Amino acid sequence: MTDKTLQNFNTLGFQQDLLHWYHLNKRDLPWRQDQDPYKIWVSEIMLQQTKVDTVIPYFLRFIDKFPTVYELAAADPQDVLKAWEGLGYYSRARNLQNAVREVVADYGGEVPDNTRELASLKGVGPYTKGAILSIAYNKPEPAVDGNVMRVFSRILKIEEDIAQQRTKKIFDVYVRELISEEDPASFNQAVMELGALVCTPKSPGCLLCPVQEYCQAFAEGIEETLPIKTKAKKQKTHAYAVLLIKNDLGEYVIEKRSDKGLLANLWQFPMVPIDEVGWDHVGNWIYNEYGLDIKIKEKKGKLKHVFTHLIWQLDIFEAKTPQQELGDGRLLFVGKDNLKKYPFPVSHQKMMQYIEEE
DNA sequence: AAGCCGTGGCT
DNA sequence: TAGCCAAGGCT
């Protein structure tokens, strides 16, 4: 390396102090009970952009339901989605099951232990590949996530914009130099644990930090200014009328979303895009779109749901229909007590309160 | 390469 | 409150 960032850096001392701290302070997490590559894999997918506390109950239920690659491979995709309900980024569930099916079909049910085969699996990117190789197979491979970039941006005073994809490669190079060859599994987890518990985005606990003496940002008092990250652009708002359509049997109309894009393959109550349709043509639009003859009753409430890249402004209405049959296969009449069998996005789960009240 | 893809918690 | 943030990957 022509780069001088690691010149005079005490790599061995850093490793020792970090690993010592980790062994004393690591959290007792469900995916740290053993080194089952499948369980490590599931945990890493769930943990993508998701907090540990959120993941724990999902992980426990998921492993209970799908203990090995074989149960997951054989499962109905709708059941997998139901197990993922509320966790978000639902393509993770679909990709995970597809990849597990490939592992069963092509690798005898053994999660690959090499870069090439792991990288070919759906949903397994550079981070997850490194996490599986290091944590499950104890190979000295970097696993660069947001924690790793934050921790090393401070320790090594790296001022590249971590919002840029290419910046991750810079950290990959440094971690490759710094990673413990003896215990790469603990090293990678230790950096992430440090990022989660001490070297936090706001108000980092530098006074408690086990590797404070190695940190250039702390030495210069600039830990709060790192890492550098450009802001995301503001979300656009989309307005919808949501219709809770009930027939004379007390059944409600639900609809399966497209298998692509936002909330793919989840179920919802019919949504009318008001910006395009206009308030005056809601009933007409429903008839044209679904062949459903409805009468709109009272407004039940409103809901704002914020996604990463857009906002839903939802006005919820009660409606009636005399029909009891539906032609379209992605439309269903479902009794109140059976709604819970289908995977719904959180916004539509919240609407069920207006049904429970009746 | 930048936009798409969820949700909940914290400030 | 509105924005930021979390063990990212896909297209």
Side-chain angles (χ1 to χ4, degrees), chain A residues 26-27 29-32 40-59 81 84-96 98-99 118-132 134-136 142-151 161-169 171-172 175 185 187-197 199-204 224 227 229-237 257-266 268 303-312 343-350:
Chain A
K26 67 175 173 182
R27 290 168 289 182
L29 301 173
W31 45 90
R32 288 181 177 162
I40 302 293
W41 182 8
V42 170
S43 75
E44 291 301 340
I45 299 298
M46 286 188 171
L47 285 163
Q48 289 171 8
Q49 303 294 287
T50 312
K51 302 261 199 207
V52 164
D53 289 343
T54 301
V55 166
I56 289 174
Y58 281 92
F59 177 82
L81 205 49
W84 212 270
E85 183 184 52
L87 199 51
Y89 287 140
Y90 298 96
S91 68
R92 293 184 294 176
R94 174 166 34 91
N95 289 336
L96 175 60
N98 287 338
L118 273 178
S120 77
L121 296 173
K122 296 181 187 68
V124 179
Y127 164 76
T128 304
K129 163 169 60 69
I132 293 173
S134 60
I135 299 172
V144 178
D145 73 332
N147 287 307
V148 174
M149 289 196 283
R150 183 172 60 259
V151 167
D161 178 10
I162 66 165
Q164 295 287 318
Q165 271 187 56
R166 58 176 175 274
T167 302
K168 187 171 276 197
K169 297 176 190 163
F171 289 90
D172 198 277
V175 172
F187 181 92
N188 280 344
Q189 292 183 87
V191 178
M192 293 189 277
E193 198 82 338
L194 187 71
L197 300 180
C199 194
T200 47
K202 308 287 182 189
S203 314
E224 293 266 25
K229 185 178 184 181
T230 54
K231 295 186 196 342
K233 66 172 190 179
K234 251 177 64 178
Q235 310 102 314
K236 272 190 183 168
T237 298
R257 291 180 62 86
S258 157
D259 62 357
K260 292 184 177 61
L262 185 67
L263 303 169
N265 290 328
L266 274 73
Q268 67 182 20
L303 203 54
K304 180 182 177 182
H305 192 82
V306 180
F307 297 90
T308 305
H309 61 294
L310 62 93
I311 298 173
W312 275 359
F344 284 87
V346 165
S347 51
H348 284 252
Q349 289 181 55
K350 288 179 178 170

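It should be emphasised that the depicted structure is a prediction, and the values quoted were computed from it without experimental measurement. Letters A, B, ... mirror the listed sequences (proteins, then strands); counts begin at 1.
In this structure, A/Glu85 places its CD atom 14 Å from P of B/dG6, rounding to the nearest Å. Spacing between atom CG of A/Leu194 and atom P of C/dA6 amounts to 14 Å, rounded to whole angstrom units. The nearest whole Å value for the distance from the CE atom in A/Met46 to the P atom in C/dG9 is 16 Å. In this structure, A/Lys122 atom NZ and C/dC10 atom P are separated by 10 Å, rounded to whole Å. For the pair A/Gln165 CD and C/dG8 P, the computed distance is 14 Å after rounding to whole Å. The distance between atom CZ of A/Arg257 and atom P of B/dG6, rounded to the nearest whole Å, is 9 Å. The interatomic distance linking A/Tyr127 (OH) with C/dA6 (P) rounds to 13 Å, in whole Å. A/Ile45 places its CD1 atom 9 Å from the C1' atom of C/dG9, with the value rounded to the nearest Å.
Put simply, the side chain of A/His348 does not reach to within 4.5 Å of the side chain of A/Leu266, judged on heavy atoms. The shortest side-chain heavy-atom distance between A/Ile56 and A/Trp31 falls under the 4.5 Å cut-off.
Using a 4.0 Å heavy-atom cutoff across all strands shown, A/Trp41 reaches no nucleic acid atom at all. Using a 4.0 Å heavy-atom distance criterion, A/Arg27 is classed as a base contact. Heavy atoms of A/Ile132 sit nowhere under 4.0 angstrom from any nucleic acid atom. Contact annotation for A/Gln164: backbone-only contact, meaning every heavy-atom pair under 4.0 Å involves sugar-phosphate atoms and none involves a base. Nucleic acid contact for A/Ser43: none, since no nucleic acid atom lies under 4.0 Å from a heavy atom of the residue.
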Here DNA chain C, pairs taken as Watson-Crick or G-U under 3.5 Å and shown with ( ), [ ] when crossing and | when to another strand, reads .|||||.||||
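Here the side chain of A/Arg150 pairs a donor or acceptor atom with the backbone of A/Gly195 at under 3.5 angstrom.
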Any N/O pairs under 3.5 Å between the protein and nucleotides 7-11 of chain B? List them or say none.
unit_1	atom_1	unit_2	atom_2	d
B/dT7	OP1	A/Tyr90	OH	2.8
B/dT7	OP1	A/Val346	N	3.1
B/dT7	OP2	A/His305	NE2	2.8

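Atom name P, nucleotides B/dG3 and C/dC4: the rounded distance is 16 Å, in whole Å. Between C/dT11 and B/dG6, the distance separating the two P atoms is 14 Å to the nearest Å.
Both A/Ala232 and A/Asn95 sit near DNA chain C, but only A/Ala232 has its closest nucleotide nearer the 5' end. Between A/Val124 and A/Glu44, the residue whose closest nucleotide on DNA chain C is further toward the 5' end is A/Glu44.
Proximity of A/Arg150 to the phosphate of C/dA6: a side-chain N or O atom is located under 4.0 Å from OP1 or OP2. OP1 or OP2 of B/dC5 has at least one side-chain nitrogen or oxygen of A/His309 nearer than 4.0 Å. For A/Arg92 and C/dG8, the shortest distance from a side-chain N or O to OP1 or OP2 is not below 4.0 Å.
Taking OG of A/Ser134 as the reference point, atom NZ of A/Lys129 lies at 10.5 Å (rounded to 0.5 Å).
If you check the side chains of A/Tyr127 and A/Glu44, you find a donor sitting under 3.5 Å from an acceptor.
Under the side-chain contact (heavy atoms from CB on, under 4.5 Å) criterion, A/Ile132 pairs with A/Trp41, A/Val111, A/Leu118, A/Thr128, A/Ala136, A/Tyr137, sequence neighbours left out.
Looking at A/Gln48, its side chain has no donor and acceptor atom pair within 3.5 Å of the base of C/dA6.
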